[in-house]
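Attaching a single structure in structure tokens format; questions to follow.
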Amino acid sequence: MYPRWETWFAGSAGDTWSALTVVGGGFICVFAFIKVAFTGTGPIDRRALHLLALTGAVGAGGGSLAPLLASRPHLNTAHLILPAACLVLCLAADRQLRAASLAPVPDRLPGRKLSTMPYAAVVATGGLLLLSSIQDSPDNVVVAVAAITVTVLVAARQIIALRDNAALLQQLDARLQDNARLVKQLDSRVRDLHSYQRKLAHQASHDALTGLANRTVFADATTAALATGELAVSVAVIDLDNFKGINDELGHAVGDALLQAVGEVLTAHVPAGSTVARLGGDEYALLLHGTDQAAHERTLNTITTSLRLPQHCAGHDLVVEASIGLAAARPGDTAAELLRRADVAMYEAKNQGKGRWSSYRPAMDQRGAEQARIAGDLRTALDTGQLHLVYQPIVDITDGSLYGVEALIRWNHPDRGPIPPVDFIPAAERTGPIVPLGAWILAEACGQAVRWRRELGAAAPETVSVNVSARQLREAGFAAEVAAILRRTGLPARHLTVEVTETAVFDGGAALQELHALKALGVTVALDDFGTGHSSLGLLRTCPVDLLKVDKSFVDTVTHGGEHAVIAAAPIDISNGLHLRAVAEGVETAEQAAELRRLGYRYAQGYHYARPLLPDALALRQAPVSVH
């Protein structure tokens with residue numbers, strides 16, 4: 001006899017536990033089947049998942065047949081289920097391997113579709129379980145129904161969760177696509193920012209017009225070269241001559257094109273490793289390496305020659321010249337000091353006639369410092385009455401009578417005494433005081449001419465000549481300033497002669513325009529030092545000249561005869577042919593005066609006739625000078 005509980009367990013209770021075990025195993029298989037079926041399709045093949053789920057269904061379904069074989073102990077469901085389950089599992093694995101080798105990796109999350117196969121498996125498993133329970137024992141029906149109910153609830157919950165997850169996945173996919181677009185936009189913005197930063201860095205270190213290095217970069221490069229202890233460094237400063245006239249006459253667009261062309265010429269002719277910079281305006285600089293000064297000089301000669309070739313700029317073929325200063329590094333130099341010395345040498349080249357280069361010498365510093373001091377004192381002299389004018393007579397050679405006078409500036413410094421014009425006029429030209437000084441000379445000379453006409457009447461000089469510098473002519477409105485002085489002093493324009501040098505008007509531009517404006521006022525225009533420039537004859541076709549002042553160098557040799565007399569005769573022949581007046585300058589002897597008269601000259605000036613005189617002394621001079 002078994003105890004009561006053992007009998008219960010061995011009887012109906014044993015059947016119940018067997019059924020529960022089968023149901024539990026089936027539930028686990030179904031749950032696993034559902035989870036696997038909905039894990040997503042990404043790189044996993046959907047049909048492989050179906051086959052894998054079928055493996056669980058075969059196992060669960062086969063297990064539910066165990067009660068049907070209870071009367072046949074020699075049979076075991078494992079003998080039937082295991083081969084079938086393994087076969088389906090192998091088919092699933094093979095399907096997945098073949099699909100994985102062919103399917104591309106998706107670039108976005110795939111959509112999820114609800115599969116009916118898991119639920120069909122649930123229905124089939126539940127039906128088999130219920131059928132088995134009914135055939136086995138009516139008591140197990142309640143347990144089977146409860147198990148099926150729980151399974152259905154779980155499946156329903158799973159379906160709801162899957163639908164929620166699908167909606168969330170769609171939202172996540174949309175967010176991912178939005179983020180991808182944002183990342184692309186951000187990447188584009190970052191690239192634009194990097195490009196803009198590179199552009200800003202280039203603009204900060206290069207000249208916007210020419211693309212050359214700017215002053216800051218040039219100074220840094222020079223400082224870096226000097227910091228290494230390298231004394232094999234030279235700096236050249238290049239300044240275009242009369243560039244302002246090109247801007248004024250042809251416009252800034254042409255001027256900008258010329259600046260670009262000059263930059264290209266410099267870059268093409270400097271040695272490798274050199275730095276070419278635009279310092280500003282029409283000024284450039286070169287940083288040259290090496291101790292071979294002869295090589296640097298050849299480079300500057302090449303640049304000077306190349307710049308004289310026509311440069312095609314905005315439809316114009318322009319010829320430009322440049323003044324260049326060269327300075328070699330010395331121990332203890334800074335970039336600023338080296339650049340300053342090159343600048344001093346460049347101004348020396350300008351003083352020598354422009355269109356050339358000059359190497360720095362220590363004496364230039366002394367001359368530059370002296371000129372700066374003179375210029376400062378000259379500004380004070382204008383305000384304190386240290387300046388005065390003297391007048392050298394221009395006479396009629398035929399009878400020695402007074403024709404006109406040339407106004408000449410004199411400076412009696414309170415500490416240094418008389419300072420010759422040859423010392424302070426170049427300083428005034430270079431540093432700027434020449435403009436107010438020239439205006440003062442014009443006003444003073446015109447005022448004195450009016451006083452003479454009032455005091456002397458017909459005996460007053462017919463004309464008063466005033467020298468005008470190139471810098472004055474380049475000032476905008478110079479002709480208007482002359483007109484204002486004439487109105488203020490009351491001097492008729494025909495009694496004023498403006499003397500200009502050939503170099504002042506050689507490049508044309510604003511200077512030539514101002515001369516035409518003066519000519520329109522009725523002012524006489526004289527070409528001073530005629531014959532000493534390289535373009536005298538060409539200027540006579542473009543410059544509104546009324547009078548030629550033949551340079552003293554022609555007069556000095558006029559009595560030597562031969563070719564000297566022929567050369568001295570050429571200017572008077574030219575003036576007669578062009579219906580101009582000619583004045584011979586620097587006549588110092590009676591022999592020179594007689595020979596000039598024989599050659600056809602009518603007017604002359606020089607020490608033979610009179611030295612420069614104060615206004616009162618000129619008023620007392622009534623008798624003609626002897627012409628013999």
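Small disclaimer: the values here were computed from a predicted structure and weren't measured.
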Contact between Pro310 and Leu318 at the side-chain level, heavy atoms closer than 4.5 Å - yes or no? no
Atom CZ of Arg494: over 12 foreign heavy atoms under 6.0 Å: no
Test item: Arg278 side-chain N/O and Leu212 main-chain N/O as donor-acceptor pair under 3.5 Å: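 Looks like no, no N/O pair under 3.5 Å.
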Please determine whether side-chain contact (heavy atoms from CB on, under 4.5 Å) holds for the pair Leu339 and Asp343, giving the CA-CA distance in whole Å, both sets of side-chain angles, and the decisive distance to 0.1 Å. CA-CA 6 Å; Leu339 190 63; Asp343 196 59; 5.8 Å; no
Heavy-atom distance under 4.5 Å between the side chains of Glu499 and Val466, does that happen here?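 Not touching, per the 4.5 Å side-chain cut-off.
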For His388, enumerate each residue passing the side-chain hydrogen bond (donor to acceptor under 3.5 Å, both in side chains) test, keeping only those at least two apart in sequence or located in another chain. none
Are Asn301 and Trp357 linked by a side-chain donor-acceptor pair shorter than 3.5 Å?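 The answer is yes; a qualifying pair exists.
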For the backbone of Gly606 and the side chain of Arg611, can you confirm whether one donor and one acceptor N or O come within less than 3.5 Å of each other? no
Residue pair Phe478, Leu518: steps toward the side-chain contact (heavy atoms from CB on, under 4.5 Å) verdict: CA-CA 9 Å; Phe478 174 72; Leu518 290 174; 3.9 Å; yes
Using the side-chain contact (heavy atoms from CB on, under 4.5 Å) rule, take Thr275 and Leu286 through it: C-alpha gap first, then chi angles, then the decisive distance, then the call. CA-CA 6 Å; Thr275 300; Leu286 307 178; over 6 Å; no
Pair Thr380-Asp377, side-chain donor/acceptor within less than 3.5 Å: no
Do the side chains of Leu437 and Ile425 get nearer than 4.5 Å, heavy atoms only?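 In contact.
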Got Leu287 and Ser274 here, is their nearest side-chain heavy-atom distance under 4.5 Å? no
Is there a donor-acceptor pair under 3.5 Å between the side chain of Glu514 and the backbone N or O of Ala479?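 At least one qualifying donor-acceptor pair exists.
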So, Gln605 and Gln392: side-chain donor and acceptor under 3.5 Å apart, yes or no? yes
Just wondering, do Val525 and Leu547 contact through their side chains at under 4.5 Å, heavy atoms? no
Taking Asp546 for the side chain and Thr524 for the main chain, is one N or O donor matched with an acceptor at less than 3.5 Å? no
List in chain and number order the residues that pass side-chain contact (heavy atoms from CB on, under 4.5 Å) with Arg356, two or more places apart in sequence or in another chain; answer none if no residue qualifies.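 Counting only residues at least two positions away or on another chain, Arg356 forms a side-chain contact (heavy atoms from CB on, under 4.5 Å) with Ala349, Gln352.
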Looking at His495 and Glu462, would you say the former's side chain and the latter's main chain have a donor-acceptor pair under 3.5 Å?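 Between the backbone of Glu462 and the side chain of His495 there is a qualifying donor-acceptor contact (under 3.5 Å).
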Under the ring-ring contact (aromatic ring centres under 6.0 Å, His included) test, residues paired with Tyr603 that sit two or more places apart: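 Here the qualifying residues are Tyr403.
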Given the ring of Phe218, does Arg215 sit roughly above its face, with NZ or CZ under 6.0 Å from the centre of the six-membered ring and within 45° of the axis?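 The answer is no; the distance or angle limit is not met.
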Heavy-atom pair of closest approach, residues Val464 and Tyr391: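 Residues Val464 and Tyr391, closest heavy atoms: CG2-CE2, 4.3 Å.
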Using modelled atom types and a 3.5 Å cut-off, is there a donor and acceptor pairing between side-chain atoms of Gln472 and backbone atoms of Ser469? yes
Tell me the closest heavy-atom pair linking Ala335 and Leu226, and the distance in Å. N-CD1, 3.7 Å
Is Arg308 reaching over with its side chain to a backbone N or O of Gly355, donor-acceptor style, under 3.5 angstrom? yes
Is any side-chain heavy atom of Leu258 closer than 4.5 Å to one of Gln311? yes
Kindly indicate whether the side chain of Asp239, heavy atoms from C-beta on, has any atom under 4.5 Å from the side chain of Lys350. yes
Is there a side-chain contact between Tyr284 and Val237, using heavy atoms and a 4.5 Å cut-off? no
Quick check against the 3.5 Å criterion: does Asp333 have a side-chain atom that pairs as donor or acceptor with the backbone of Arg330?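 Side chain of Asp333 to backbone of Arg330, a donor-acceptor pair under 3.5 Å: yes, one is there.
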